[in-house]
Amino acid sequence: MSSMLSSALRNLPVSSAWAAGAFTRSLSCSSPFQAAAQPKTKKTLGKTGVKNVVVVEGVRIPFLQSGTTYADLMPHDLARAALQGLLTRTSVPRDVVDYIVYGTVIQEVKTSNVAREAALGAGFSDKTPAHTVTMACISSNQAMTTGVGMIAAGQCDVVVAGGVELMSDVPIRHSRKMRKTMLTLNRAKTLGQKLSLISKIRPDYFAPELPAVAEFSTSETMGHSADRLAAAFGISRLEQDEYALRSHSLAKKAQDEGLLQDVVPFKVPGKDTVTKDNGIRPSSLEQMGKLKPAFVKPYGTVTAANSSFLTDGASAMLIMSEEKALAMGYKPKAYLRDFVYVSQDPKDQLLLGPTYATPKVLEKAGLTLSDIDVFEFHEAFAGQILANLKAMDSDWFAQNYMGRKAKVGAPPLDKFNTWGGSLSLGHPFGATGCRLVITAAHRLKKEGGQYGLVAACAAGGQGHAMIVELYPQ
């Protein structure tokens with residue numbers, strides 16, 4: 001499939017927005033940073049007989065490059081800080097929270113149910129249930145929609161959902177041979193049995209098993225897959241660098257203008273208080289062009305500059321039924337509306353989740369692409385984003401790979417990730433989904449829109465999309 005897809009897709013027309021220089025236009029566009037416009041008058045997406053679920057607030061501690069200020073902490077420390085930030089901002093009584101759900105990807109074995117440990121650390125009652133989910137880069141998306149389902153089903157009124165990832169300290173295991181020997185040694189009863197087992201240990205037993213951001217089913221790293229995807233869709237190195245520079249430049253602008261309202265300060269024990277993301281670093285195309293390929297060498301196009309970086313961070317979101325939120329005196333930020341999850345080929349379509357999820361969630365909500373006022377897509381790699389935009393704008397791809405009659409269309413860049421994205425803000429695997437949703441809500445209020453569309457890809461060839469509707473102002 002790979003060669004067929006490559007030859008066919010290289011000849012697809014590049015999105016007209018990019019061909020016309022949308023990078024320059026979207027970067028210079030001032031509308032996202034001006035005073036909020038009046039919201040457009042559109043239908044609400046509420047459904048008869050279905051509870052309205054709202055976002056009251058969403059926060060995150062600053063997303064930091066791994067190996068920096070959070071390096072000596074554990075995942076539950078970051079999640080606890082996000083929960084405490086949410087409690088401080090909302091003043092919600094801990095005892096009204098019915099359930100807590102967190103997403104994470106690379107689990108710390110000592111705190112496998114990190115949601116529970118973080119909740120106890122943040123002062124929640126030991127009577128408040130909590131569980132942890134994992135779905136690769138859409139883990140906190142899964143946490144949120146789990147909460148939505150609980151509320152919609154009438155099981156809960158108040159749920160806290162979030163996500164956490166600490167890439168500064170990931171589990172490094174002994175080799176399987178060594179693990180097997182150690183477990184057997186633990187069961188040995190006599191000195192002779194123990195000495196016999198120890199005598200069988202060989203030097204190769206000591207080789208550690210290092211974690212890798214790779215697919216179990218294909219053994220391919222995500223970066224290698226992104227490079228192949230970019231090649232299949234004919235995405236050049238320059239286009240990827242341009243998009244990455246756009247992300248960093250817009251993130252820096254949003255940070256400087258105080259638009260990243262979801263960030264809460266975190267006093268790191270023994271260190272200074274962290275107040276902002278540290279991965280936002282606008283460079284120049286010249287400097288970015290000097291970097292060597294990171295995965296497919298020597299001719300690949302994916303580099304450190306046009307990829308998301310390993311990130312530490314955590315997020316938390318307060319979700320309620322609309323009735324409960326209003327009864328408690330809260331003014332919700334947004335409704336959480338229709339959502340979908342998708343899966344496709346984990347080898348050649350690993351990162352195309354948004355392409356498959358977007359038309360499905362639009363159809364489910366009864367909307368079209370032109371109805372959407374803000375788009376927040378997860379940026380794993382610049383090449384991945386551009387490939388999705390190109391696939392979404394292709395009738396040929398829709399007909400031959402998605403079983404659809406026509407393309408859904410590519411989102412206009414002046415509505416797309418205009419406050420930066422994962423390439424610049426960072427991507428703690430388990431925490432990004434909450435950032436996407438609360439950013440969409442903030443942008444809708446700032447820009448006067450009504451509907452936002454959040455989408456993300458994930459390892460395993462999976463994806464998620466959700467419609468966010470601005471709460472009436």
Side-chain angles (χ1 to χ4, degrees), residues 63 65-66 103 105-106 134-142 163 165 167 212-215 218 220-233 235 237 239-248 251 277 279-280 293-296 300-313 341-358 375-392 411 416-417 420-436 439 454-465:
F63 288 176
Q65 293 179 318
S66 64
V105 178
I106 302 178
T134 186
M135 201 174 180
C137 298
I138 51 177
S139 292
S140 64
N141 307 64
Q142 183 60 249
E165 211 69 48
M167 296 302 294
V213 184
E215 287 296 300
T218 66
E220 185 177 45
T221 65
M222 190 170 286
H224 193 283
S225 181
D227 217 321
R228 288 197 303 106
L229 186 68
F233 279 87
I235 309 297
R237 164 75 178 270
E239 287 175 306
Q240 293 174 64
D241 287 351
E242 285 178 339
Y243 184 86
L245 179 58
R246 172 190 187 268
S247 181
H248 280 272
D277 308 318
I280 303 173
F295 300 99
V296 179
T301 57
V302 174
T303 71
N306 57 43
S307 307
S308 57
F309 49 88
L310 295 179
T311 313
D312 301 334
Y341 288 94
V342 296
S343 295
Q344 56 278 340
D345 174 17
K347 183 172 179 61
D348 292 320
Q349 300 186 55
L350 175 70
L351 302 171
L352 289 177
T355 297
Y356 283 84
T358 296
F375 295 86
E376 284 293 326
F377 278 34
H378 163 48
E379 301 170 346
F381 303 89
Q384 159 256 329
I385 281 289
L386 296 178
N388 273 277
L389 295 183
K390 200 167 183 180
M392 292 169 68
F416 190 88
N417 290 13
S422 301
L423 289 171
S424 48
L425 300 171
H427 174 39
F429 300 148
T432 291
C434 287
R435 177 191 67 76
L436 295 173
T439 299
V454 170
C457 60
Q462 303 189 102
H464 171 256

S.K.: Are side-chain heavy atoms of P428 and R435 found at a separation under 4.5 Å?
M.R.: no
S.K.: Please report the shortest heavy-atom distance between F63 and G426, naming the atom on each side.
M.R.: CD1-O, 3.8 Å
S.K.: Within the distance-only criterion (no hydrogens, no angle test), does the side chain of H248 pair as donor or acceptor with the backbone N or O of L423 below 3.5 angstrom?
M.R.: yes
S.K.: When rounded to the nearest 0.5 angstrom, what is the spacing between NE2 in H378 and CG in L351?
M.R.: 8.5 Å
S.K.: Between the side chains of D312 and S66, is a donor N or O closer than 3.5 angstrom to an acceptor N or O?
M.R.: no
S.K.: Hey, is the main chain of G421 close enough, under 3.5 Å, to the side chain of S424 for a donor-acceptor pair?
M.R.: yes
S.K.: Ignoring hydrogens, what is the shortest heavy-atom contact between N388 and G353? Give both atom names and the distance.
M.R.: OD1-N, 4.3 Å
S.K.: Looking at S140 and C434, would you say the former's side chain and the latter's main chain have a donor-acceptor pair under 3.5 Å?
M.R.: yes
S.K.: Spell out, as yes or no, whether a donor-acceptor pair under 3.5 Å connects the side chain of E165 to the backbone of I106.
M.R.: yes
S.K.: Might you point out which heavy atoms bring A458 and I138 nearest each other, and give the distance in Å?
M.R.: CB-CG1, 3.6 Å
S.K.: Any sub-3.5 Å donor-acceptor pair from T218's side-chain atoms to K347's backbone N or O?
M.R.: no
S.K.: So does F416 get a backbone contact from the side chain of E376, meaning a donor-acceptor N/O pair under 3.5 Å?
M.R.: no
S.K.: Let me confirm one number: the OG1-CG distance from T355 to L389, rounded to the nearest 0.5 Å.
M.R.: 8.0 Å
S.K.: Enter the distance from S225:OG to R228:CZ here, rounded to the nearest 0.5 Å.
M.R.: 5.0 Å
S.K.: Please name the pair of heavy atoms, one in A455 and one in T358, separated by the smallest distance, quoted to 0.1 Å.
M.R.: CB-OG1, 4.3 Å
S.K.: Do M167 and T311 come close enough that some side-chain heavy atom pair is under 4.5 Å?
M.R.: no
S.K.: When you compare the side chain of F377 with that of I385, does any pair of heavy atoms fall below 4.5 Å?
M.R.: yes
S.K.: About how many Å separate OH of Y243 and CD of E379, when rounded to the nearest 0.5 Å?
M.R.: 3.5 Å
S.K.: Going by side-chain contact (heavy atoms from CB on, under 4.5 Å), name the residues that satisfy it together with T301, two or more places apart in sequence or in a different chain.
M.R.: D227, A230, R237, Q240
S.K.: With F381, which of T303, V302, N306 fulfils side-chain contact (heavy atoms from CB on, under 4.5 Å)?
M.R.: V302
S.K.: Which distance, rounded to the nearest 0.5 Å, do you find between the NZ of K390 and the CD1 of I235?
M.R.: 4.5 Å
S.K.: Looking only at heavy atoms, which two atoms of A294 and A304 are closest? And how far apart?
M.R.: CB-N, 4.2 Å
S.K.: From Q349 CD over to S343 OG, what is the distance, rounded to the nearest 0.5 angstrom?
M.R.: 11.5 Å
S.K.: What are the two closest non-hydrogen atoms of T432 and S422, and how far apart are they?
M.R.: CG2-OG, 3.8 Å
S.K.: Hey, does the side chain of S139 reach the backbone of T134 with a donor-acceptor pair shorter than 3.5 angstrom?
M.R.: no
